[in-house]
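Below: the structure, in structure tokens.
Note that the numbering runs from 1 along the sequence shown for the chain.
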Amino acid sequence: MKEYSTKDIRNVVLLGATKSGKTTLAEAMLYEGKIITRMGTVEDKNTMSDNDDLEKLNQRSIYATPLYAEFKDKKINFIDAPGADDFIGGAYSAFRVCESGVLVVNAQQGVEVGTESFVRRAEEKNIPLVIAVNQLDSEKADWDKIQGELKEALGSKLAYVQFPANPGIGYDGFVDVLTMKYYKNNQAQDIPAEFADRAEEARMELIDKVAEFDDEIMMKYLDEGTLTDEEIHAGLNAGIAAGKVYPVFCVCGKTDNGVARLLEFLCEVAPAPACKADGPASLFIYKNDVEQHLGEVSYFKVMSGSITGGMDLEDPASGNKERLSAIYAVAGTKKEAVNVLKAGDFGCAVKLKNGKSSTTLSAPGSGISYDKISFPAPKYRCAIKAKVQQDEQKLGEALKKIASTDPTVIVEYSKELRQTILSGNGEQHINVVKWLVNNEYKLEVELFAPKVPYRETITKIATAQYRHKKQSGGAGQFGEVHLLVCPAEGELNTKFKIDGKETQLNIKTQDISEMEWGGKLEFYNCVVGGAIDLGFMPAILKGIKGKMEEGPLTGSYARDIRVFVYDGKMHPVDSKEIAFIIAGRNAFKEAFRNAGPKILEPIYNVEVMTPSEYQGAVMSDLQNRRGMLGDMGADKGFAILKARVPLAELYRYSTTLSSLTAGSATFTMEFADYQPVPGDVQTKLLAEYAAQDEEE
């Protein structure tokens with residue numbers, strides 16, 4: 001492969017809903033770029049992109065696959081990103097290293113929720129898009145419908161560069177109003193008379209659009225009433241770079257129809273990488289994987305300078321040195337060794353010590369570093385354990401390796417819940433993890449609903465006292481603590497009724513702690529007359545905090561409580577730290593139970609985007625999950641529903657939503673706050689905890 005300078009490189013992410021035909025289009029791009037001599041098919045499981053065993057099994061993209069084509073003295077790096085929301089992490093990685101995108105729209109299905117979601121994300125990341133309407137040779141291809149849906153979704157940003165001559169069975173050509181040619185079976189011809197007027201009209205609409213993006217071009221257009229091909233291209237360049245125009249192309253990946261013209265346009269108009277061609281060498285690893293026969297492979301983009309085989313770099317975060325023994329250009333499973341990759345180019349290296357995703361490697365001493373990729377919050381969580389107890393350690397190691405190659409897989413052991421929690425982007429995502437554990441690591445596991453991280457607090461004022469006295473033949477243990485608890489809210493009040501008398505407490509010392517699990521503990525020492533030595537206060541506080549880690553109601557963490565220690569007793573010989581830890585713990589436990597204890601549950605803000613026809617079903621389901629519906633709206637043909645929903649009711653929600661909407665809806669969820677559970681739910685939780693406690 002020849003060397004390419006930064007100005008001759010284009011980096012493009014292929015986006016689109018599941019079944020839009022991205023992988024087939026990618027195969028045609030590879031064929032046109034002379035990387036392969038024969039196109040594979042998804043059905044035959046021999047494409048360069050969906051090359052993983054699991055992808056072949058499911059006949060869909062699960063991982064983002066880097067590819068490239070050499071076309072008209074340009075190198076077009078492109079990443080085939082998964083279309084399913086469950087595997088959205090691949091698109092986020094691609095957004096980080098690509099300067100433009102091709103959004104593939106299925107001519108049969110039209111604009112889907114997945115399509116709209118990708119547009120939103122591209123706009124957030126300032127990634128300009130080209131629209132490729134694919135599968136125009138399908139029986140149900142409907143150009144008029146597609147135009148209407150695209151207009152509703154993208155509005156005035158659309159710019160039709162092409163229109164199909166005869167969409168549907170027998171489709172073989174399109175009119176291109178940039179070149180003013182008719183392309184039949186990929187051969188450029190004069191435009192037939194039957195399409196001439198339509199072509200002229202479409203060209204003038206395109207000129208009207210592109211003239212908006214450059215003042216000089218606008219003045220020329222106003223003076224002369226038309227623009228040259230070069231001026232149209234310049235206007236498109238400006239509009240695309242500013243994210244103000246989406247050119248629309250006609251393609252059929254399966255028959256390689258229109259693909260060469262799309263590549264030609266990307267070479268001419270898509271932006272080159274904004275990378276420094278000179279200066280110290282640096283690269284950013286956007287993906288890593290473990291591949292059979294190769295081991296760990298790190299995929300990177302050259303961010304500045306040039307990268308060569310044998311080069312020494314360092315991880316600026318750790319200072320660790322790294323030698324690139326060899327570097328490769330990548331097209332799926334095909335890896336070609338190269339001598340040099342220049343700024344803006346893509347490549348990979350194998351067996352790097354510091355080769356994880358989101359890692360920077362740069363010239364030693366340069367200090368060059370790049371921000372890590374920010375992935376979306378997980379939307380599906382479950383508990384996981386090995387079916388055989390002795391395999392727990394092996395399972396932990398397997399999950400760690402899987403998460404190291406997929407940053408959207410999150411594995412954590414919850415001390416609070418005493419469970420290993422596995423989180424991802426959806427149930428399909430988690431099922432992929434389970435498949436890998438079963439098939440690559442040969443471990444049998446169980447997936448089940450995780451416990452909910454409830455919290456406990458109080459709603460009233462209560463007092464309690466506890467004496468710990470123990471005599472064991474030698475030195476004894478003695479400690480007595482009198483305390484009052486109340487909710488940690490509002491202004492600090494120190495006047496209470498204790499034992500039927502109005503009592504003013506005087507604070508001697510205080511300790512206000514923000515708890516690791518949220519909320520706080522306010523601890524006030526109000527003991528007078530030396531009833532308890534000041535040196536025992538830390539022990540009392542330790543006992544209280546220990547009980548807050550295992551709340552009196554359900555064993556959940558307690559929060560937002562004020563504790564006033566106002567009296568007690570000690571013994572000149574037998575009082576020890578352990579005695580006051582135990583006395584403080586038990587006095588707190590008793591007072592807590594008498595202070596109107598309440599269980600709190602985590603509430604999440606949920607936002608659903610669904611086609612309007614499913615709005616009623618989605619709303620009903622949210623209400624059945626104890627969801628409180630909030631703002632509702634519409635955006636480009638889709639209903640937007642917002643609700644506050646308890647986490648306890650969101651297990652497998654992604655699966656239910658997919659079932660309710662035929663897979664056409666998507667959602668996000670974000671922790672909001674903790675709120676008291678309804679009375680019937682609290683009664684049920686207390687009964688379950690009591691039964692579990694008795695069983696143990």
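The two atoms that bring Ile430 and Cys382 nearest to each other are CG2-SG, 3.8 Å, heavy atoms only. For the residue pair Leu67 and Gly332, the shortest heavy atom distance occurs at CD2-N, 3.4 Å. When every heavy atom of Gly426 is checked against every heavy atom of Ser654, the shortest pair comes out as CA-OG, 3.9 Å. Minimum interatomic distance between Pro453 and Leu647 (heavy atoms only, all atoms of both residues): CD-CD2, 3.9 Å. Nearest heavy atoms, Gly83 versus Thr18: C-OG1, 3.6 Å. Nearest approach of Ile544 to Leu521, heavy atoms of both residues: CG2-CD2, 4.2 Å.
Dense packing is recorded around CG of Asn624, with more than 12 heavy atoms of other residues, nucleotides or ligands lying under 6.0 Å away. At most 12 heavy atoms of other shown residues, nucleotides or ligands fall within 6.0 angstrom of atom CD in Gln393. At most 12 non-hydrogen atoms from other residues, nucleotides or ligands lie less than 6.0 angstrom from NZ of Lys589. Other residues, nucleotides and ligands place no more than 12 heavy atoms under 6.0 Å from the NZ atom of Lys394.
Considering only residues two or more places apart in sequence or on other chains, Ser369 meets the side-chain contact (heavy atoms from CB on, under 4.5 Å) condition with Pro316, Thr360. Under the side chain to side chain donor-acceptor pair (under 3.5 Å) criterion, Asp80 pairs with Thr23, Ser49, sequence neighbours left out. By the ring-ring contact (aromatic ring centres under 6.0 Å, His included) test, Tyr328 pairs with no residue at all, sequence neighbours left out. The side-chain contact (heavy atoms from CB on, under 4.5 Å) test applied to Asn51 returns Thr65, Thr333, not counting sequence neighbours. Listed by chain and residue number, nothing satisfies the side chain to side chain donor-acceptor pair (under 3.5 Å) test with Glu112 (two or more places apart in sequence, or in another chain). Looking at residues two or more places apart in sequence or on another chain, you find a side chain to side chain donor-acceptor pair (under 3.5 Å) between Thr554 and Glu456, Ser556. Gln428 pairs by the side chain to side chain donor-acceptor pair (under 3.5 Å) definition with Arg60, not counting sequence neighbours. Contacts of Phe523 classified as ring-ring contact (aromatic ring centres under 6.0 Å, His included), with partners at least two apart in sequence or in another chain: none. Under the side-chain contact (heavy atoms from CB on, under 4.5 Å) criterion, Phe448 pairs with Ala383, Lys385, Gln419, Glu446, sequence neighbours left out. Taking the side-chain contact (heavy atoms from CB on, under 4.5 Å) definition, one finds that Val297 meets it with Glu291, Leu294, Tyr299, Lys335, Cys348, Val350, sequence neighbours left out.
Checking side-chain atoms of Glu55 against main-chain N and O of Asp52 turns up a donor-acceptor pair under 3.5 Å. Counting only distance, with no hydrogens or angles, the side chain of Glu27 and the backbone of Thr47 share no donor-acceptor pair below 3.5 Å. A donor-acceptor pair is defined here as one N or O able to donate and one able to accept, closer than 3.5 Å; no such pair exists between the side chain of Thr359 and the backbone of Gly355. Panel note: side chain Trp435, backbone Glu440; no donor-acceptor pair is recorded below 3.5 Å.
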Decide yes or no on side-chain contact (heavy atoms from CB on, under 4.5 Å) for Thr115 and Gln109, but give the supporting numbers first.
CA-CA 10 Å; Thr115 311; Gln109 303 300 327; over 6 Å; no

Is there a side-chain contact (heavy atoms from CB on, under 4.5 Å) between Tyr246 and Leu103? Walk through the geometry before answering.
CA-CA 10 Å; Tyr246 296 138; Leu103 180 65; over 6 Å; no

Given the rule in the side-chain contact (heavy atoms from CB on, under 4.5 Å) test, do Val432 and Tyr63 qualify, once you have shown the distances and angles that lead to the verdict?
CA-CA 11 Å; Val432 165; Tyr63 307 106; 3.8 Å; yes

For the pair Lys520 and Asp560, evaluate side-chain contact (heavy atoms from CB on, under 4.5 Å) and give the outcome as yes or no after the intermediate values.
CA-CA 5 Å; Lys520 61 184 176 179; Asp560 300 323; 4.0 Å; yes

Given Ser61 and Asp50, is the side-chain hydrogen bond (donor to acceptor under 3.5 Å, both in side chains) satisfied, shown in steps?
CA-CA 6 Å; Ser61 297; Asp50 291 355; 2.7 Å; yes

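Residues Lys22 and Leu25 fail the side-chain proximity criterion, which asks for heavy atoms closer than 4.5 Å. Using a 4.5 Å heavy-atom threshold, the side chains of Glu296 and Lys351 count as separate. Side-chain contact between Asn134 and Ser20 is absent, with no heavy-atom pair separated by less than 4.5 Å. Side-chain contact between Met619 and Leu641 is present, with heavy atoms from C-beta onward closer than 4.5 Å. Under the 4.5 Å side-chain criterion, counting only non-hydrogen atoms from C-beta, Lys287 is not in contact with Phe300. Under the 4.5 Å side-chain criterion, counting only non-hydrogen atoms from C-beta, Val290 is not in contact with Lys401. Inter-residue side-chain proximity for Val606 and Phe667 is flagged as met; some heavy-atom pair is nearer than 4.5 Å. Between Met609 and Arg120, the closest side-chain pair of non-hydrogen atoms falls below 4.5 Å.
One distance of note links CG of Leu361 with CG of Leu313; it measures 5.5 Å at 0.5 Å rounding. A distance of 9.0 Å separates NZ of Lys434 from CG of Asn439, quoted to the nearest 0.5 Å. To the nearest 0.5 Å, the span separating CG on Asn320 from CG on Asn354 amounts to 5.0 Å. Going from atom CG of Asp86 over to atom OG1 of Thr408 covers 9.5 Å, rounded to the nearest 0.5 Å. One distance of note links CE of Met548 with CZ of Arg455; it measures 10.5 Å at 0.5 Å rounding. We find the OG-CD1 distance between Ser298 and Ile327 to be 13.5 Å, quoted to the nearest 0.5 Å.
Residues Asn425 and Asp85 have side chains that never bring a donor and an acceptor to within less than 3.5 angstrom of each other.
In summary, Arg625 and Asp621 engage in a salt bridge, as defined by a charged side-chain N under 4.0 Å from a carboxylate O. A salt bridge links Glu314 and Lys321; the closest N-O separation between the charged side-chain nitrogens and carboxylate oxygens is under 4.0 Å. A salt bridge is defined here as a Lys NZ or Arg NE, NH1 or NH2 lying under 4.0 Å from an Asp or Glu carboxylate O, and Glu549 with Lys545 fails to meet this definition. Electrostatic pairing of Lys451 and Glu416 does not count as a salt bridge here, judged by no charged N lying under 4.0 Å from a carboxylate O. The pair Asp673-Arg644 meets the salt-bridge criterion, since a charged nitrogen lies less than 4.0 angstrom from a carboxylate oxygen.
Applying the side chain to side chain donor-acceptor pair (under 3.5 Å) rule to pairs touching residues 601-617 yields Glu601-Arg626, sequence neighbours excluded. Residue pairs that meet the side chain to side chain donor-acceptor pair (under 3.5 Å) test with at least one member in residues 87-105, sequence neighbours left out, are Asn11-Glu99, Tyr92-Arg121, Glu99-Lys301.
Between Phe284 and Tyr370, the ring-plane angle classifies as perpendicular under the 30° and 60° cut-offs.
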